[in-house]
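Working notes, beginning with the structure itself.
Since the structure is predicted, the reported quantities are computational estimates derived from the model, not experimental observations.
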Amino acid sequence: MSVQEMKPVKEGKVREIYDNGGSLIMVATDRISCFDVILKNEVTKKGSVLTQMSKFWFDMTEDILPNHMLSVDVQDMPEYFRQDKFDGSSMLCRKLEMLPVECIVRGYITGSGWASYEKTGKVCGIQLPEGLKESDKLPEPIYTPSTKAEIGDHDENISYAESAEYLEKRFPGKGEEYALKLRDYSLTLYKKCAEYALSRGIIIADTKFEFGLDEEGNIVIGDEMLTPDSSRFWPAEGYEPGHGQPSFDKQFARDWLKANTDHDWTLPQDIVDKTIEKYLQAYRLLTGKELA
């Protein structure tokens with residue numbers, strides 16, 4: 001295959017996936033999406049933060065279960081990827097058969113979980129103690145899976161029992177086993193990583209994991225892991241339940257778009273700069289290193 005010919009086989013709002021024969025190459029671009037729209041700006045280094053942060057967590061959790069990462073060195077990839085724009089933001093991965101459930105773990109009550117609790121006292125059918133305030137830490141993290149929607153559709157929250165039925169339809173005889181493993185792996189990963197993050201000054205309020213099956217049928221963690229795009233990271237310093245918390249993600253971008261309705265999906269440069277600084281700060285705090 002010539003250098004010019006590599007085209008993504010799948011393109012998401014932020015990620016591009018390339019087929020490399022027996023493996024895949026996942027590229028986290030510098031695109032940024034808010035409210036399900038890709039903005040006209042690029043946020044320089046954002047893709048590298050997402051890829052290198054996933055690598056950091058994959059390395060840390062290999063003792064819990066295997067992951068799909070083979071390499072983040074573009075020298076291990078076809079020549080096409082040895083361009084500056086791919087260096088740091090590309091990951092060579094094993095091919096997996098992805099399981100069609102998003103595995104969400106919530107350690108704190110916020111976002112749609114808080115809205116649901118205010119109405120019903122429950123989150124995704126799970127009864128929670130009375131008297132919780134917005135952003136409170138839950139007594140124990142809860143597992144709230146959802147179906148994985150196609151781009152343009154919305155994921156749908158389901159109960160643990162529904163996740164077993166949903167998986168059973170697609171993998172007859174395996175639904176209960178897979179549902180149980182997904183729940184247990186998700187909670188174990190979250191607890192280990194949230195405890196570590198807290199020691200580094202970051203609260204992981206909630207996160208989403210995705211898993212797949214390798215050729216032997218083992219469950220493997222895929223996609224990205226514990227990035228500001230797939231998780232809510234809050235600074236531990238100044239954490240105070242009773243209201244929303246500042247976060248290490250696209251909050252500056254979202255807030256600006258809400259306040260400036262004639263935006264044409266383009267951010268001013270200072271908002272872009274503040275956004276990437278949040279991503280870089282999260283990376284520095286968690287890894288103890290500057291982004292290479």
Side-chain angles (χ1 to χ4, degrees), residues 14-18 20 22-30 45-77 81-82 86-96 98-99 102-105 107 141 181-216 218-233 236 248-249 276 278-292:
V14 173
R15 275 188 175 62
E16 293 170 350
I17 298 177
Y18 295 79
N20 189 41
S23 57
L24 293 173
I25 295 165
M26 279 180 59
V27 178
T29 70
D30 288 340
K45 289 191 182 170
K46 176 175 173 279
S48 292
V49 171
L50 298 181
T51 297
Q52 300 303 321
M53 202 178 277
S54 287
K55 177 192 186 302
F56 173 78
W57 294 117
F58 285 149
D59 287 341
M60 185 190 283
T61 55
E62 279 177 326
D63 59 327
I64 297 173
L65 84 162
N67 58 67
H68 70 161
M69 177 178 69
L70 296 170
S71 175
V72 293
D73 184 347
V74 290
Q75 297 306 315
D76 295 332
M77 302 176 204
F81 292 92
R82 294 170 211 166
F86 293 119
D87 196 3
S89 61
S90 306
M91 185 179 285
L92 184 68
C93 303
R94 291 197 274 164
K95 284 185 171 175
L96 303 175
M98 296 306 288
L99 294 168
E102 302 223 310
C103 299
I104 297 159
V105 180
K181 283 183 173 170
L182 293 186
R183 182 186 70 189
D184 289 353
Y185 279 142
S186 297
L187 288 166
T188 303
L189 289 166
Y190 173 81
K191 284 174 185 172
K192 175 175 181 167
C193 297
E195 191 177 315
Y196 168 81
L198 196 55
S199 77
R200 308 285 309 180
I202 288 183
I203 290 169
I204 303 176
D206 52 34
T207 194
K208 157 181 87 74
F209 301 112
E210 296 198 28
F211 299 90
L213 303 171
D214 67 11
E215 288 169 352
E216 285 82 52
N218 301 309
I219 292 182
V220 174
I221 186 160
D223 199 56
E224 63 181 321
M225 181 174 177
L226 288 162
T227 70
D229 273 17
S230 66
S231 322
R232 277 192 182 90
F233 290 167
F248 291 96
D249 61 5
I276 191 53
K278 277 287 166 206
Y279 279 79
L280 290 169
Q281 190 186 359
Y283 182 83
R284 278 194 299 271
L285 281 170
L286 287 169
T287 66
K289 294 188 294 206
E290 293 291 334
L291 187 72

Compare every heavy atom of L291 with every heavy atom of S48, then report the nearest pair and how far apart it is.
CB-CD2, 3.9 Å

Nearest 0.5 Å please: distance from the CZ atom of F233 over to the OG1 atom of T207.
6.5 Å

Holding to side chain to side chain donor-acceptor pair (under 3.5 Å), I want the full list of residues that pass it with S230, two or more places apart in sequence or in another chain.
T227

Heavy-atom nearest pair, C193 first then I204, reads O-CD1, 3.9 Å

Report yes if some heavy atom in the side chain of S186 is under 4.5 Å from a heavy atom in the side chain of F211; otherwise report no.
yes

In chain order, what residues pass the salt bridge (charged side-chain N to carboxylate O under 4.0 Å, His left out) check against K45, with sequence neighbours excluded?
none

Could you please spell out the steps behind the salt bridge (Lys or Arg N to Asp or Glu O under 4.0 Å) verdict for D214 and K95?
CA-CA 7 Å; D214 67 11; K95 284 185 171 175; over 6 Å; no

Could you tell me whether the side chain of Q52 and the main chain of G88 form a donor-acceptor pair under 3.5 Å?
yes

What's the shortest heavy-atom distance between M98 and G222, and which atoms?
CE-CA, 4.4 Å

Can you pull the side-chain hydrogen bond (donor to acceptor under 3.5 Å, both in side chains) pairs that have at least one residue in residues 193-202, sequence neighbours excluded?
none

Aromatic ring centroids of F81 and Y18 under 6.0 Å?
yes

Taking salt bridge (charged side-chain N to carboxylate O under 4.0 Å, His left out) as the definition, give me every residue that meets it alongside D249, ordered by chain and number, with sequence neighbours left out.
R254

Return the set of residues passing side-chain contact (heavy atoms from CB on, under 4.5 Å) with D87 (not counting sequence neighbours), or none when no residue passes.
V74

Side chain to side chain, N218 and L213, heavy atoms closer than 4.5 Å:
no

Who are the side-chain contact (heavy atoms from CB on, under 4.5 Å) partners of T51, not counting sequence neighbours?
A28, V72, S89, M91

Can you name the side-chain contact (heavy atoms from CB on, under 4.5 Å) partners of L285, sequence neighbours left out?
I202, F248, Q281

Checking E16 now: which residues fulfil salt bridge (charged side-chain N to carboxylate O under 4.0 Å, His left out) with it, not counting sequence neighbours?
R31

Output the distance between atom CD1 (I221) and atom CG (L189), rounded to the nearest 0.5 Å.
5.0 Å

Counting N and O atoms only, with roles assigned by atom type, does the side chain of D30 sit under 3.5 Å from a partner on the main chain of K46, one being a donor and the other an acceptor?
yes

Closest contact, heavy atoms only, V220 versus H68:
CG1-N, 3.6 Å

Are R232 and D206 within salt-bridge range, i.e. N to O under 4.0 Å?
yes

With R183 via salt bridge (charged side-chain N to carboxylate O under 4.0 Å, His left out) - residues at least two apart
none

Check: S23 side chain, R94 main-chain N or O, donor-acceptor pair, under 3.5 Å:
no

With sequence neighbours excluded, tell me which residues meet side-chain contact (heavy atoms from CB on, under 4.5 Å) with T188.
I64

Could you tell me which non-hydrogen atom of E224 sits nearest to which non-hydrogen atom of L50, and how far apart they are?
OE1-CD2, 4.4 Å

Considering only heavy atoms from C-beta outward, does the side chain of L198 approach that of I203 to under 4.5 Å?
yes

Would you mind listing every salt bridge (Lys or Arg N to Asp or Glu O under 4.0 Å) that reaches into residues 60-69, with sequence neighbours excluded?
D63-K192

Check whether any side-chain heavy atom of F56 sits under 4.5 Å from a side-chain heavy atom of L226, and report yes or no.
no

Looking at every heavy atom in both D223 and F58, which two are closest together, and how far apart are they?
O-CZ, 3.6 Å

Contact check, side chains of M26 and R15, non-hydrogen atoms, under 4.5 Å:
yes

Residue pairs passing the side-chain hydrogen bond (donor to acceptor under 3.5 Å, both in side chains) test where at least one lies in residues 282-292, sequence neighbours excluded:
E277-R284

